[in-house]
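Letters A, B, ... are given to chains in the order of the sequence lines, protein chains preceding strands, and every chain is numbered from 1.
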2 protein chains.
Amino acid sequence: MQTSNIKELLNSNGIKATWQRVEILKVLQSSNECLSASQIHQKLSAKNINIDLATVYRVLELFDKKGITQKSVINRKSFFELKKYEHCHYFVCIKCQQKTNIVDCKIDLIKEELRKRNFKVLSHNLEVYGICNKCCGGD
Amino acid sequence: MQTSNIKELLNSNGIKATWQRVEILKVLQSSNECLSASQIHQKLSAKNINIDLATVYRVLELFDKKGITQKSVINRKSFFELKKYEHCHYFVCIKCQQKTNIVDCKIDLIKEELRKRNFKVLSHNLEVYGICNKCCGGD
DNA sequence: ATTACTGCAAAGCATTTGCAGACTG
DNA sequence: CAGTCTGCAAATGCTTTGCAGTAAT
């Protein structure tokens with residue numbers, strides 16, 4: 001995606017398009033997995049783009065609040081990715097650390113249970129740990 | 001429960017019964033909710049029992065490894081409680097911070113899905129945030 | 001005596017914050 | 001110009017670790 005389109009995307013979400021935000025969004029768009037703030041910071045550094053880590057955190061928090069990214073907390077660390085149509089969480093392999101999507105986390109069933117008790121669910125986080133199919137076989 | 005019984009409980013789990021471990025276990029037994037390391041530390045202090053916070057962390061880690069406690073990570077903090085028969089997680093009210101059990105987290109359905117794909121689930125964590133029944137009504 | 005356990009202090013790590021200067025409209 | 005955003009540095013909060021002294025078998 002072109003920088004100009006990215007700027008429009010930001011503006012349409014009520015976000016002022018500073019070059020830092022544009023670059024961070026580019027990194028998110030070019031990644032097919034969720035990234036932590038420091039991973040994003042590293043990817044930027046690799047492109048010789050220097051943005052302070054604190055700025056990366058602030059921008060990601062903004063993106064999240066505006067709904068253009070979705071955050072997952074895994075092992076106490078935040079990971080961000082562009083918000084997709086499907087809601088998702090991750091299975092994390094304790095051997096190779098690879099993350100695999102869990103699309104259906106059954107939260108609707110839990111929500112329904114809680115709604116009956118008059119609890120209103122606003123957000124949730126699910127982490128599943130184990131051994132992935134690749135690491136299951138050999139090793 | 002008497003101290004002697006607590007010692008037996010520890011020994012039967014292969015844990016040497018130091019007085020610090022006995023006291024920490026007493027706190028866990030007398031609580032009807034999950035506690036963080038620092039909450040346990042505070043409760044001990046209130047009884048004029050001084051155990052270093054680092055020791056509390058080490059003991060809780062040991063209890064967890066030996067399976068006498070179960071840990072929940074909520075907002076990046078660890079909370080411990082004695083392991084119960086029912087598996088559980090928490091709904092946390094974002095207004096009053098109160099935690100409420102979610103007994104059935106539907107992990108078996110997720111496990112089944114993953115097993116079909118040859119992933120082995122070893123552990124998981126679920127956090128659900130929202131507004132509890134008390135805070136929903138009035139406020 | 002050997003091994004395990006604790007207290008103390010310091011370090012670690014992800015994240016947040018205060019502030020002054022830079023940028024943007 | 002007024003308000004926002006950024007870089008820098010320092011602080012935060014929870015947790016972990018190194019080490020030397022203590023306790024227990």
Review point. Counting side-chain heavy atoms from CB outward, which of C:dT17, C:dT6, C:dG7 is closest to B:Asp52?
Key: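 Among the listed nucleotides, the one closest to the side chain of B:Asp52 is C:dG7.
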
Check your understanding: At under 4.0 Å between heavy atoms, what does B:Glu61 touch on the DNA or RNA strands: base, sugar-phosphate, or nothing?
Key ->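 Nothing: the residue B:Glu61, judged by heavy atoms under 4.0 Å, touches no strand.
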
Review point. So what does B:Ala37 touch, heavy atoms closer than 4.0 Å: a base, only the sugar-phosphate, or nothing?
Key: nothing

**Study point:** B:Lys99 NZ/CZ over B:Phe91 ring centroid, <6.0 Å and within 45° of normal
**Key:**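 The answer is no, since B:Lys99 fails at least one limit relative to B:Phe91.
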
Review point. Is the distance between the ring centroids of B:His89 and A:His124 under 6.0 Å?
Key: no

Point to revise | For atom CG of A:Asn75 and atom C1' of C:dA14, their distance in whole Å | key: 12 Å

Check your understanding: Just how far, in rounded Å, is P of C:dC5 from CG of B:Leu60?
Key ->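 My rounded result for the distance is 15 Å.
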
Exercise for review: Taking only the side-chain nitrogens and oxygens of A:Thr18, find out if one of them lies under 4.0 Å from OP1 or OP2 of C:dC23.
Suggested key: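 For C:dC23, OP1/OP2 do not have a side-chain N/O of A:Thr18 under 4.0 Å.
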
Check your understanding: According to a strict under-4.0 Å criterion, is A:Tyr57 in side-chain N/O contact with OP1 or OP2 of C:dT15?
Key ->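 The answer is yes; a side-chain N or O of A:Tyr57 sits under 4.0 Å from OP1 or OP2.
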
Practice item. Provide the start and end nucleotides, 5' to 3', of the part of DNA chain D that has atoms under 4.0 Å from heavy atoms of chain B. Key: D:dC14 to D:dG18

Check your understanding: How far does CG of A:Leu28 sit from CD of A:Glu23, to the nearest 0.5 angstrom?
Key -> 11.5 Å

Check your understanding: In terms of side-chain heavy atoms, does B:Arg21 have a donor or acceptor partner in B:Thr55 at a distance below 3.5 Å?
Key ->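 Looking only at side-chain atoms, B:Thr55 and B:Arg21 do not form any donor-acceptor pair under 3.5 Å.
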
Review point. Under 3.5 Å, is there a donor-acceptor pair between the B:Tyr129 and A:Asn125 side chains?
Key: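 A:Asn125 and B:Tyr129 do not have a side-chain donor-acceptor pair below 3.5 Å.
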
